[in-house]
Asker: 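This is the structure, below, for whatever I ask next.
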Amino acid sequence: MKVGISLPQAGSQATKENMLHMVQAAESEGFDSIWTFERLLWPINPQTPYPATPDGSLPQEYQIMLDPLETLSFLAANTNKISLGTSVLDMLFHNPVILARRLATLDVFSEGRVISGFGIGWSKDEYQASNIPFNNKGKRADEYVKMLKRIWMDEDVEFKGQYYNIPKSKIGPKPVQKPHVPIYLGGFSPNAIRRIVENDLNGWLGIIGGIAPFGYVQSVVNNFRNEINKTNKDSANFKVILLAYPYPKDSAVNSDNNADRPTLTGTIDEIGDDIRKIKDLDVDQIIFAYNFSPIGKDIDKMIDLTKQFSKFAK
């Protein structure tokens, strides 16, 4: 199982020095990938509650956000082999032709190291700022991923849809990776899974860690593969990448039933046991993220923990 690390891209720790220190250490240690994510706004009075906190409040770190693609472009010039991923870009906030060209350009400059992970977002405020209607997100996303593949693969690109149109055109450069930059989609809805399978994308990008026990993680991954099997397509053609938020503790988590222990919570060995189980699910890659924990302010600690976790993944 490959191992990636999420960059300290948000908050006061999002500095040039920290980025360079982390990416050069990650490449030196043999990690497979580095990852950025996207957040447009920190609304003062949000219209949509933040889904990852009990009270719906947004993390303070979101008030400072380095751009995901500019960050990866800078780091591509300072590395040689580590893959450069997005987990995730909210695709609908971007003009598809412009975003396709930016990612293809990054793939050219990095000599084929880009992994594109996309979502459709959840914030009404960010949709408003992007001048995109909040409704019909899924239908727009269906057209969007079809367009990306055509822009990256077709010599003469033409698209006529309900939401997007491209007159027959030459659009370059084409990515180094063939047939296209790998495309992964986040999301847990049946439509998100359908979108991956129907369009023969590279796979699903999920999130684990926190309150859910391992059985939940197992069921989500199995459901993804079951949906593939219903279409008579080969599930081996669709990979799974998991963005993991570990919560290390100095002592073992007390639980009457260890199966109820929240995934990736506990001692290094307890978390390592979860990582082994995730590997046994044939997950292609695990990305360790520390963005919203105290560990996320300590670059060396993040690197050290990821080194320890990597031993269970390999």
Asker: For the residue pair Phe292 and Tyr62, categorise the inter-ring angle as parallel (less than 30°), tilted (30 to 60°) or perpendicular (more than 60°).
Answerer: perpendicular
Asker: Any donor-acceptor pair under 3.5 Å linking the side chain of Thr48 with the backbone of Ser123?
Answerer: no
Asker: Assess the residue pair Leu305 and Lys307 against the criterion (side-chain contact (heavy atoms from CB on, under 4.5 Å)); give the C-alpha distance rounded to whole Å, side-chain angles, the decisive distance to 0.1 Å, and a yes or no.
Answerer: CA-CA 5 Å; Leu305 281 171; Lys307 282 173 58 179; over 6 Å; no
Asker: Quick one: do Lys249 and Glu270 make a salt bridge, cutoff under 4.0 Å?
Answerer: no
Asker: Are Arg102 and Asp67 ion-paired here, with the side-chain N under 4.0 Å from a carboxylate O?
Answerer: yes
Asker: Can you confirm whether the side chains of Thr86 and Glu38 place a donor and an acceptor under 3.5 Å from each other?
Answerer: no
Asker: Met65 versus Gln9: any side-chain heavy-atom pair under 4.5 Å?
Answerer: yes
Asker: Between Gln177 (side chain) and Val114 (backbone), is there a donor-acceptor pair under 3.5 Å?
Answerer: yes
Asker: Are the side chain of Glu27 and the backbone of Asn80 linked by a donor-acceptor contact shorter than 3.5 Å?
Answerer: yes
Asker: Donor-acceptor check, side chain of Lys233 to backbone of Lys230, threshold 3.5 angstrom: yes or no?
Answerer: no
Asker: Does Asp142 come within less than 4.0 Å of Arg194, counting only side-chain N to carboxylate O?
Answerer: yes
Asker: Looking at Phe288 versus Trp35, is the centre-to-centre ring distance below 6.0 Å?
Answerer: no
Asker: Using 30° and 60° as the class boundaries, would you call the ring planes of Tyr144 and Phe118 parallel, tilted or perpendicular?
Answerer: tilted
Asker: Okay, side chain of Arg140, backbone of Tyr164: is any donor-acceptor separation there less than 3.5 Å?
Answerer: no
Asker: What residues form a salt bridge (charged side-chain N to carboxylate O under 4.0 Å, His left out) with Asp107, not counting sequence neighbours?
Answerer: none
Asker: Classify the side-chain pair Arg113/Thr79 by whether it contains a donor and acceptor separated by less than 3.5 Å.
Answerer: yes
Asker: Would Asp154 and Lys149 pass as an ion pair if we require N to O under 4.0 Å?
Answerer: no
